[in-house]
Structure formats: C-alpha cells, structure tokens
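Side chains are part of it too, since the values below use all heavy atoms of this structure and drop only hydrogens, waters and symmetry mates. Chain letters run A, B, ... following the sequence lines, proteins first and then strands; every chain starts at 1.
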Number of protein chains: 2
Amino acid sequence: MNVSENLKLQIVGQSMTDRVYDAILAMILKLEIRPCEKLSEVQLSKKLGVSRTPVREAFLRLENLGLLDIVPQRGTIVAPMRAAEFRKSQFMREAFELALVRRAVELEDNTELCKALDRELRLQSVHSELKDENAFFESDEAFHAAIAVHCGLADIWPEVQRVKMHMDRFRYAIRSQRETPTILEQHRNIAEAICKRDEAAALSAMTLHLRRANHLIADAAKEHPEYFEL
Amino acid sequence: MNVSENLKLQIVGQSMTDRVYDAILAMILKLEIRPCEKLSEVQLSKKLGVSRTPVREAFLRLENLGLLDIVPQRGTIVAPMRAAEFRKSQFMREAFELALVRRAVELEDNTELCKALDRELRLQSVHSELKDENAFFESDEAFHAAIAVHCGLADIWPEVQRVKMHMDRFRYAIRSQRETPTILEQHRNIAEAICKRDEAAALSAMTLHLRRANHLIADAAKEHPEYFEL
DNA sequence: CAGTGTATATTAGTATGTCAATATCACTCG
DNA sequence: CGAGTGATATTGACATACTAATATACACTG
C-alpha cells in the first residue's frame, strides 16, 4: 500500500473505515469541506492513502446521517444545510432532553447529578471569562450528557448526539456569537430547577435553552447562503 | 454475473444493496434467521446471486441499527435481543410519541387528524373481529403515524420507526397474545383525548399504551431464552 | 490418552478491476 | 452565432482478488 506522506491515518487501532469516517466527519463539521462541495471517492482515497473501499463505506455511513448526498453516476456532495433537517433535529433533541429532565426531577437521589451539574457550571463560568469557546462548548456537552448519565440512561446520550448533529452544523456555520454568558445563565436555571425538583421550571428552562438556537437558521442562512438549499 | 435461479433480487429499481438490505431486515424481523445465528457474507451473496459488496454494505447498515454484530475476522451474527436495547428503544419512542401528542392537542385545526384516527379505529375494529393480526398491526402503525403526519411532522415518523425497531423485535419474537381488543381500546382512549384536546389524558393514555409492551421482555425471554444475551 | 503445535479453512477488511450511466465540452451544421 | 451531437472523462455500483487474523481439525508428542 502507498504509505506516502499521509500517514496520519495509519496509526491506531481502528479500521480504516472508522478513521476515514472520523476524518471526513470532522472536516464536514468544521466546514473544512463546505456544504454542496463535491467529494470524490477516488480523490479522497488518494489523498488519505487508502483504497476506495473504506472511503466508500465511510461515505455510506455519512449519507445515513444525512451529511452526504450520494447521487449514483453523478457524484457525492456534502449535504447542504436544510431548514427541514434543522427542525427535525431540534424536535428530536427537545423530545429526548425534556424526557430526560422529567426523569431527572424524579430521581430519588439527585446529589450526584447536582454535583456534576455544578461542576460543569463552574467550569463554564471560567471558560466564559477566559473566552475559551472550545472548552466552554465541551463543558456544555458534558452538562447535558450528565443529565442522561445520572438518570441511568447513559446509553441514550449517543442517540441525543446523533439527532442533534444537524443542529450543531448550523452552530458551526456561524461565527460564535459571544453568547456564552447567556448560555451559562440558562444552564444555571436548568440546574437549579432540576435540583429543586421543580419540574415545570426545569422543563421551561430547558425548552427555552434548546430553542435559543432557532435564530441560528436565519443567521447561518444570512452568513452563508451558498450552504443552503432552496 | 451469475443470474441463477435467485432472480427475485434482480427486478426493480433500487440498488442491489437496498434489496439485499430489505431482504435481510425482513428475515431478521420475521425470525427467519434467528438471534445469534451466524451469517456469512459469502454464503448470503451466493444464495442471493450477488457479489459480496452489496451484502457487505447491507451488513454494515444493519450493524448500525444494532441488528447485526460484526466481529472482525470471526464472523457476523444476528444480534441477540438485549434488555438494554429494549429499554433504550422504549425510552426514545416514548419521548418522540409523547412530544407528538403534545403537538397534536395544540393543533389549531385537528379535524383531519381526528378523521384519520377514526378511520384507523374503524379498520382496527374490523381487523380485530376478523382476527387478522397482520392487517391490524398495519393499521396500528398507520394510527401512530397519522399523529405525526397531521402535526406537520411527517418526516419524524421514519425516525420513530427507527427507534422503535428494537421494541418490535420483541413483539415479533412472541406468539401474538390475542391482545388486539386491549390495544384497540387504548387507541380509542388516545384518539378521544387528543380530539378533545385533553393533554393530560392523551399523554397518560399514550404512556399506558406504549408501556404495555413492558411484559414483552419477560415473555420473549421465557419463550425463547436462546435469543437473549446474558 | 492428554496436551500441544501446526496445517487448513473461514472470516472480515482492504484493494483493485469492470461497467453503465451521466456530465462535459469540443465540434458540426443550420 | 446558436443548437444539437458525439467523443471522452468521471462517477458510483458492483464484482473480484488478496490479506491478515482467527477458528478448527488433526496429527504428533509426551
């Protein structure tokens, strides 16, 4: 096999397909390859120094997720962002996370959960002050994941990640809006309501938080109209 | 290519992969191939008269869904039924369908929805009397789908189908319990509450309905312990 | 006969070859 | 100059070939 200069993929213990998949997924989410941009199995396989098979299998996975559009005999493009996908993604995420909140407020022992939430809030406070958005969003994820984990539903979290991916695409597409203070405040409200077992407050706080992203559609469309379909 | 006697797959306008996928999926759900049973890419490709590639791609899709376990250099088996999968499946389905019910009761114009629900109730009544379980369950699906469709969320339904698949596996695994009258009654309660816009009643009726399946775990495990893991 | 090493078969992973459908573009003809 | 046309290149779908890892069977050793 042609090892070439692209040895980055030949290192660790996953299948080629996995590594190619991870690589492409990251490129799509970071917009290193842009919506509607054409992808070629042959080109990519050469660039990554692997054969067409793992590239193709990675393509198929990504098509499954709605991140690629494969058109037989025509080509493969990064799926444009679609408002319909966004709405679907948001509906599903909201359904999942509100269901998790309902579980969380009914937890007989919520000390661990509240400790975890508090931990992330402190981290977020620091990251927000230091303007470290990557770290902030990492803790943001951990905050939401903690709810699932401490409800004994850790295996639900990957599913939430799956359904919220299309929402995340929109967030990646716009310059981050320096809105970490707002998000932190919303997280505080959510955590407080959950720990007080105030279901109604927790649900409305979470709903507000999750729908905050609604403006993303318009913003992303304004900033990068070429990424959109229709 | 070896056309052979198995020309059933060569007919219509989907890709080979799609056809192979549909074929295997149906076999798994109908238990024509049983949990923990070994599947071979080579054997199946010969049996279906296609090459390994489409079979393999279908395998990968099914692994994604959690219906196959592919172990490198060892083999591929139909995933055993796992209680954890069932619970995950049920949690997600409930989250989705309760969210749909919340939308449904807030519909400004629900005449179309109520008409559709009533239609399915009538059908189910007949199918139940005639003991036609296949037709009954088809209408069962349509009943639930109608809620999504008439909320303007038709594209959510495939996602619901996706998440509820593991629940359905358990149902297929046990002799159907002649419970269609119970289900019909639950459907009536759901439809009535939705059309009256009684959110609390609709939610509790739907919850009751969706959790009815809880006994399936125990029943299926009793009836076919060899299908289970652990 | 028990235990171990080894040949062989089978597996999924990967690479490559082939093909039909489609797009592209230069070219011809009106 | 524009519309149609045909050669050519590119694409994804599918077939096949090869590899490395693992399981299995069996012969050999003690």
Between [N] ([atom2]) and [X] ([atom1]): distance, integer Å:
X       : N      : atom1 : atom2 : value
B:Ile70 : C:dT11 : CD1   : P     : 14 Å
A:Gln43 : D:dG12 : CD    : C1'   : 14 Å
A:Lys46 : C:dA15 : NZ    : C1'   : 15 Å
B:Leu48 : D:dC14 : CG    : C1'   : 14 Å
A:Glu37 : D:dT11 : CD    : P     : 14 Å
B:Leu62 : C:dA12 : CG    : P     : 14 Å
B:Met16 : D:dG12 : CE    : C1'   : 15 Å
B:Glu41 : C:dT14 : CD    : C1'   : 12 Å

Quiz item: If you look at every strand shown and take non-hydrogen atoms under 4.0 Å, does A:Val71 touch a base, only sugar-phosphate, or nothing?
Solution: sugar-phosphate
Exercise. Give A:Leu60 one of three labels, base, sugar-phosphate or nothing, depending on what nucleic acid heavy atoms sit under 4.0 Å from its own.
Key: nothing
Considering only [options], which nucleotide approaches the side chain of [X] most closely?
X       : options                : value
A:Thr17 : C:dT14, C:dA12, D:dC14 : C:dT14
A:Glu57 : C:dT11, C:dT14, D:dA15 : C:dT14
A:Arg56 : C:dA15, D:dT16, D:dA13 : D:dA13

Can you check whether [X] has a side-chain N or O nearer than 4.0 Å to OP1 or OP2 of [N]?
X       : N      : value
A:Ser51 : C:dA15 : yes
A:Ser40 : D:dT11 : yes
B:Thr76 : C:dA12 : yes

Self-check item: Test side-chain contact (heavy atoms from CB on, under 4.5 Å) applied to A:Asn64 and B:Leu65, B:Asn64, B:Leu60, the passing residue
Solution: B:Asn64
Self-check item: Worked check of salt bridge (Lys or Arg N to Asp or Glu O under 4.0 Å) between A:Asp22 and A:Arg61
Solution: CA-CA 11 Å; A:Asp22 289 342; A:Arg61 273 197 228 171; 6.0 Å; no
Practice problem: Decide yes or no, distance alone: a donor-acceptor N/O pair under 3.5 angstrom between the base of D:dA13 and the side-chain of B:Ser15. | Solution: no
Quiz prompt | Distance flag, aromatic centroids of A:Phe96 and B:Phe96, threshold under 6.0 Å | solution = yes
Practice problem: Examine A:Phe228 together with A:Phe170 and report whether their ring centres are nearer than 6.0 Å. | Solution: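 So the answer is yes for these two rings.
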Quiz item: Should the pair B:Arg171 and B:Phe137 be classed as cation-pi, given the thresholds of under 6.0 Å to the six-membered ring centre and 45° from the axis?
Solution: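 Yes.
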Using the 3.5 Å cut-off, write out each protein N or O paired with an N or O of nucleotides 18-25 of chain D and the distance between them.
{"from": "D:dA23", "atom 1": "OP1", "to": "B:Arg74", "atom 2": "NE", "distance (Å)": "3.1"}
{"from": "D:dA23", "atom 1": "OP1", "to": "B:Arg74", "atom 2": "NH1", "distance (Å)": "2.5"}

Exercise. Inspect the surroundings of CD in A:Glu138 and state if more than 12 heavy atoms from other residues, nucleotides or ligands are less than 6.0 Å away.
Key: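 No, not enclosed.
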Self-check item: Between A:Glu120 and A:His187, a side-chain donor and acceptor under 3.5 Å
Solution: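 Side-chain D/A pair, A:Glu120 to A:His187: absent.
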